[in-house]
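Protein chains get the first letters and strands the later ones, always in sequence-line order, with residue 1 at the start of each.
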There are 2 protein chains.
Amino acid sequence: MSYLEQEIYEQPEILARLLSEEVENAARLAAAIRERGVQYVMVAGRGTSDNAGRYGKYLFAAMNRLPVAMATPSLFSIYGLPPRFGDALVLGISQSGQSPDIVSVLAEARRQGALTAAFTNEPDSPLAVAADHVLALHAGAERSVAATKTYTAQLAAVALVNALLSDDPALLAELQRVPEAARRTLELAPQVQRIAERYRFIDRCVVLGRGFNYANAYEVALKLKETNYIAAEPYSPADFIHGPLAMLDESYPVIVIAPAGALLDEVRSALALIRERGAELLVISDDAETLTQGRLALPLPVSLPEWLSPLITVIPGQLLALHLVLERGQDPDRPRGLHKVTLTR
Amino acid sequence: MSYLEQEIYEQPEILARLLSEEVENAARLAAAIRERGVQYVMVAGRGTSDNAGRYGKYLFAAMNRLPVAMATPSLFSIYGLPPRFGDALVLGISQSGQSPDIVSVLAEARRQGALTAAFTNEPDSPLAVAADHVLALHAGAERSVAATKTYTAQLAAVALVNALLSDDPALLAELQRVPEAARRTLELAPQVQRIAERYRFIDRCVVLGRGFNYANAYEVALKLKETNYIAAEPYSPADFIHGPLAMLDESYPVIVIAPAGALLDEVRSALALIRERGAELLVISDDAETLTQGRLALPLPVSLPEWLSPLITVIPGQLLALHLVLERGQDPDRPRGLHKVTLTR
């Protein structure tokens, strides 16, 4: 069995571990955010970690009224002076904790006296050392080139801090449902495998998600790119209908992540426009009516509150990336031209 | 002549008008940013306007140490409570000034007492009415479905405010060189037309740009999508080598916007990796050595300081979108399935 497959299936266990062992660290960070009067959060991450930050962007803003900016790490290392962080929380997200540009953002933030935190799988890494607060991902060594288990662990770290900031014990209780929900969602594998057969020869596609699930559109597209070399483009349906819609035709597969929630009506209107273009829709949802909008459907076997849905809605996309590699007869652990750690100055 | 072509060629004149007529409005906004002790900027825009905001994100941070967050408009209209803006400048960018979700972001910001500004082509629009400060784009009616002249006008508005915030008269003088530089850059049209012939049958490509030119990677990709239905993917080279690099092979055209500047060495290292994959590179640059890295090259006939280069480096991309439509025998003003104003709730 490939590392990619093993790590996809390790997720329920990792999520359970993180959600039991990091509550205190998360509570300390939440308390510091309140005490320091943090005005906004600046997230620094690359690739998959940047996508986890994108989840935080929607979650912190919608549930804790805290605006989130995504950092521009190149500014810190190459252009002149770094931005003034003021009353920001500067949050670095990195599996390895090694990326020099992300470390430099945190080091500068600390120098300026801003509150800093790191979410990393390596609590002794340079990133962790540079941060005031550290949440460990508890994912074990990541051997797959394509990250899966560290992504959902990063989402869980974001969700945990969010719940503790909200000071609503019901949210913490909801979080505890996630590991079992992830386990159930993995049962979609046989259905995903059949879709991978159908998708065997696609070389491009669109992945849509909105609000809390916008991050997963990016993450699923990234998995399809790095493991299967598919030109997969992530979009919010709201942005997609501003221009990119024009590129759709009958030959275009569109994957939409659309669990039940406040944004579902919006998403469904966009799906109607997309269907008019003749594009073939694959719908990932727990809403029966939305599932009928797709030519293909992956019905989520379990529902979570919308704010937590991304922790499970990404799983069918991970499985799709895996099964597509297998259908292509390739090795999931050897995508061409990629190395495990990419150092960006 | 199509509206798209007319509007591309109107740009030098519009830039000259905006840069002479909006100096006072920009100075008032810059003064308000200083007086109010603005800690960060929140930009709200969709599509092309969002790309102009992306330019501001790099510019304000690198030259005025002011962090920039991109708004998540869906949060304001659909999820519960809007974020607390605190000491933010909330900046709405919209050609028409009609987009209800962008207007709602500004209305909420004003209700909270935050400083607000609008960059719009319609100074009587709902967006302008909702803002404390307005910069008009002076672009005349935009009839082309694909926006070109309002994009460079939005970049100019961002650059003007940035120069006045910096309080360095040399920057204002540099800005005055832009209209003539844009006029000279339009002279690339015959060379672009030859590349459009070569690209006649591409259906996907990657567009790269970093730092100040990251916004243009997005904008050029968007133009190629909405006018030519090409799956054009925008990336920073730094992100691209984290995963998406795997999808490249000999059949993949890569367009890179790489003018001289602080980031050029970084970009050139990424180009070397991309060349190893056998992908065909088109380089848009004013740096002779960088131009030699491409199989195809578009040498910019004039150089601007790096911070202003995006106002001209986007022009070859606009011309490429135009000439590709013409090579395909289509009408540039009738991209399939798009309307001029898309209302997003």
Side-chain angles (χ1 to χ4, degrees), chain A residues 39-40 42 46-47 50 57-58 61-63 65-70 72-75 78-88 101 146 203-204 210-211 222 225-227 229-231 233 236 238-239 241-249 262-263 266 276-277 335-338 342 344-345, chain B residues 39-40 42 46-48 50 57-58 61-62 65-70 72-75 78-88 101 146 203-204 210-211 222 225-227 229-231 233 236 238-239 241-249 262-263 266 276-277 335-338 342 344-345:
Chain A
Q39 286 212 17
Y40 70 102
M42 168 78 79
R46 285 218 180 265
D50 198 39
K57 176 168 172 154
Y58 282 78
M63 296 182 69
R65 309 191 63 185
L66 202 50
V68 177
M70 310 300 280
T72 50
S74 61
L75 294 174
I78 295 166
Y79 289 129
L81 291 168
R84 284 190 197 87
F85 293 110
D87 302 316
D101 54 352
D203 62 1
R204 54 184 193 172
R210 200 170 172 196
L222 178 59
K225 274 178 242 184
E226 59 187 2
T227 58
Y229 327 127
I230 293 165
E233 279 232 68
S236 152
D239 291 322
I241 58 171
H242 273 77
L245 179 68
M247 72 181 179
L248 283 194
D249 60 24
L263 289 166
E266 288 294 305
E276 278 174 26
R277 309 303 313 267
R336 61 187 187 204
L338 291 185
T342 311
T344 318
R345 178 159 72 92
Chain B
Q39 288 212 16
Y40 70 102
M42 169 77 79
R46 286 222 178 262
T48 291
D50 199 39
K57 175 168 172 152
Y58 283 78
R65 308 191 63 186
L66 202 50
V68 177
M70 309 299 280
T72 49
S74 61
L75 295 174
I78 295 165
Y79 289 130
L81 290 168
R84 284 190 198 86
F85 292 110
D87 301 316
D101 53 352
D203 61 3
R204 53 185 193 172
R210 199 170 171 197
L222 179 58
K225 272 178 244 183
E226 58 187 3
T227 58
Y229 328 128
I230 293 166
E233 280 234 66
S236 152
D239 290 322
I241 59 173
H242 273 76
L245 180 67
M247 72 180 177
L248 283 193
D249 61 24
L263 289 167
E266 289 293 305
E276 278 174 26
R277 309 302 314 267
R336 60 187 186 204
L338 292 185
T342 311
T344 318
R345 181 160 70 95

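Contact record, B:Lys57 with A:Met70: NZ-O, 2.6 Å, taken as the closest heavy-atom pair. The heavy-atom pair separating B:Ala69 from A:Val68 by the smallest distance is CB-O, 3.7 Å. The two residues B:Glu226 and A:Ala246 come nearest to each other via the heavy atoms O-CB, 3.5 Å. The shortest non-hydrogen separation linking A:Arg65 to B:Pro82 is NE-O, 2.7 Å. Taking each heavy atom of A:Asp239 and B:Gly47 in turn, the nearest pair found is OD1-N, 4.4 Å.
By number of non-hydrogen pairs under 4.5 angstrom with chain B, the leading residue of A:Asp87, A:Asp50, A:Leu66 is A:Asp87. Among B:Gly86, B:Ala231, B:Ser236, B:Ala88, the residue with the largest count of heavy-atom pairs under 4.5 Å with chain A is B:Ala231. Per-residue counts of heavy-atom pairs under 4.5 Å with chain A were compared for B:Gly211, B:Pro67, B:Ala61; the largest is that of B:Pro67.
Between B:Leu245 atom CG and A:Lys225 atom NZ the span is 12.0 Å, to the nearest 0.5 Å.
Annotation: side chain to side chain contact (heavy atoms under 4.5 Å, CB included) contacts of A:Asp203 (sequence neighbours excluded): B:Arg204. Among residues two or more places apart in sequence or in another chain, the ring pair (Phe, Tyr, Trp, His ring centres under 6.0 Å) test is passed with B:Tyr229 by none.
Between B:Ile230 and A:Met247 there is no side-chain heavy-atom pair separated by less than 4.5 Å.
At a 4.5 Å heavy-atom cutoff, the contact between B:Leu263 and chain A is made by backbone and side-chain atoms alike. Heavy-atom distances place the side chain of B:Tyr40, and not its backbone, under 4.5 Å from chain A. If you measure heavy-atom distances from A:Leu81 to chain B, the contacts under 4.5 Å come from both the backbone and the side chain.
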